[in-house]
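Heads up: the structure comes next, in structure tokens.
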Amino acid sequence: MATTLAACSLDNYLVLPDHTMDERITAARKELGRDVVILGHHYQRDEVIRFADFTGDSYKLSQEAAKATGKYIVFCGVHFMAESADVLSRPGQMTVLPDLNAGCSMADMAEITQVEDCWEQLVAMGLTTDSGEGITPITYMNSTAAIKAFCGERGGLVCTSSNAGSAFKWAFEKNQKLLFLPDQHLGRNTGYALGIPLNEMVVWDPYQLMGGVTPERLRAAKAILWKGHCSVHQRFLPEHVDKVRAKFPDIQVVVHPECRWEVCQKADGIGSTEKIIKSVKEAPAGSKFAIGTEIHLVNRLAKTTPDKMVITLDDSGCLCTTMYRISPQHLCWALENLVEGNVVNRIKVKENVKHWARVALDRMLEIQ
Ligand code: SF4
């Protein structure tokens with residue numbers, strides 16, 4: 001192993017070309033052996049995801065994190081995913097995020113203090129008690145550990161795009177109303193698929209008085225949706241569906257449920273990244289797909305299923321810039337530091353937050 005103490009500074013790595021990293025990452029992994037497990041989200045770039053022991057969407061990766069036995073979990077994804085891995089980890093395990101700047105703009109749209117304010121107002125209106133008798137709070141995986149803990153403590157849970165429908169059903173068994181954080185589109189698409197009319201779903205804007213919703217509408221609503229979105233998926237528009245269908249009349253449009261409701265309504269299929277991959281892989285040769293999700297996943301699907309035509313729904317490309325932050329240089333730096341006994345960029349959720357976040361995550365892992 002050619003690492004030196006001087007090489008442990010990240011700046012020394014960032015100036016190196018990508019192709020020089022492969023051998024070093026492979027050597028560091030070999031040296032770490034079973035002590036390390038590398039998890040890679042589907043939106044990671046090829047130069048990074050090829051080193052992952054497990055790839056998946058946030059749901060699949062949270063299951064892998066819960067099963068991991070290695071001393072170190074290196075998460076090639078974004079901050080909230082690494083936090084969830086830490087919450088689900090065993091005592092003595094450490095979670096590393098190779099670049100701490102890999103955040104998620106959607107997760108940043110809900111701050112815990114804003115959520116607490118919202119809840120206080122709902123309690124003051126008599127719609128729920130502080131402990132959640134009246135409204136079940138659900139948070140999408142793409143949220144901070146503090147928000148997951150908030151939901152866990154009030155009888156709620158976490159969901160991903162794979163199991164949002166089951167989470168809604170679970171929530172409605174407890175209460176007639178739910179608060180969904182932070183992605184309004186996933187919330188609306190899920191509620192609508194379960195038969196909730198659009199006018200029974202309201203959007204809570206944390207920057208407006210009383211969320212910008214009248215008390216009458218809040219009382220009548222079955223679902224209160226937080227005003228957050230994914231900047232990658234919100235870019236897909238209904239006209240993109242029309243355009244691709246005009247060009248390829250037999251194409252199937254499959255989109256992620258973080259896309260706008262209007263886009264999902266026009267699509268042939270809606271699903272999590274795992275479901276999108278499965279639909280394409282299982283389709284007969286010659287099938288054509290236009291996919292509405294992050295571009296790295298679409299390009300990889302096109303490469304790995306050459307017997308089908310796979311294109312992005314919007315050719316202007318939708319890259320998740322925060323996922324892209326994890327570079328081979330960051331991964332190499334994190335692994336070589338672990339070899340030298342330095343745990344860099346450790347993600348450590350506070351113990352009091354961890355407890356309730358774990359409750360909310362465990363509830364998610366128990367439902368289908
Ligand atoms: S694709 Fe969207 S939701 Fe996913 S990490 Fe990037 S910004 Fe966040």
Side-chain angles (χ1 to χ4, degrees), residues 39-46 48-49 52 55-62 65 75-86 95 97-111 138-148 158-164 167 180-190 225-237 240 254-261 263-264 270-277 291-301 312-314 316-327 330 345 347 364:
L39 304 180
H41 190 273
H42 287 309
Y43 298 164
Q44 290 288 299
R45 42 171 123 172
D46 288 350
V48 168
I49 205 166
T55 61
D57 60 7
S58 53
Y59 179 63
K60 194 170 159 207
L61 292 179
S62 64
F75 212 118
C76 298
V78 291
H79 195 271
F80 71 80
M81 296 177 184
E83 273 193 336
S84 296
D86 183 58
T95 304
L97 180 65
D99 184 354
L100 291 180
N101 290 316
C104 164
S105 54
M106 179 200 285
D108 292 344
M109 289 176 193
E111 285 172 20
I138 308 180
T139 190
Y140 189 24
M141 183 66 110
N142 305 24
S143 57
T144 61
I147 290 179
K148 292 181 176 82
V158 176
C159 76
T160 67
S161 51
S162 304
N163 60 17
F180 186 74
L181 303 144
D183 182 15
Q184 58 165 308
H185 299 305
L186 176 63
R188 188 174 296 109
N189 288 323
T190 307
L225 312 175
W226 193 262
K227 194 176 181 194
H229 64 265
C230 165
S231 42
V232 175
H233 290 93
Q234 192 170 271
R235 286 172 56 122
F236 295 109
L237 300 171
H240 294 141
V254 184
V255 300
H256 193 279
E258 286 172 21
C259 293
R260 298 164 193 267
W261 177 82
V263 172
C264 291
I270 310 172
S272 63
T273 47
E274 285 297 323
K275 197 170 160 193
I276 292 173
I277 294 169
I291 309 288
T293 193
E294 207 269 349
I295 195 71
H296 283 96
L297 170 66
V298 180
N299 289 343
R300 198 168 301 125
L301 253 182
T312 172
L313 181 55
D314 168 20
S316 63
C318 289
L319 164 85
C320 176
T321 49
T322 48
M323 284 273 183
Y324 192 75
R325 292 199 71 98
I326 309 283
S327 65
H330 285 94
N345 287 5
I347 300 296
M364 173 190 82

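Numbering of ligands and ligand atoms starts at 1, following listing order.
Listed for the Arg300 side chain is a donor-acceptor partner under 3.5 Å among the backbone atoms of Gln44. Lys60 places a side-chain N or O within donor-acceptor distance of the main-chain N or O of Thr55, the cut-off being under 3.5 Å.
Excluding water, every protein N/O/S atom under 2.8 Å from atom 6 (Fe) of ligand 1 is given here by residue and atom: Cys320 SG.
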Yes or no on side-chain contact (heavy atoms from CB on, under 4.5 Å) for His185 and Gln234, after CA distance, side-chain angles and deciding distance? CA-CA 8 Å; His185 299 305; Gln234 192 170 271; 2.7 Å; yes

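Here is the list of ligand 1 atoms found below 4.0 Å of a heavy atom in Glu258: 3 (S).
The side chain to side chain donor-acceptor pair (under 3.5 Å) test with Tyr43 singles out one residue from Thr322, Thr293, Thr273, and that residue is Thr293.
The shortest distance between side-chain heavy atoms of Ser161 and Tyr59 does not fall below 4.5 Å. The side-chain heavy atoms of Lys275 and Ser162, taken from C-beta on, include no pair separated by under 4.5 Å.
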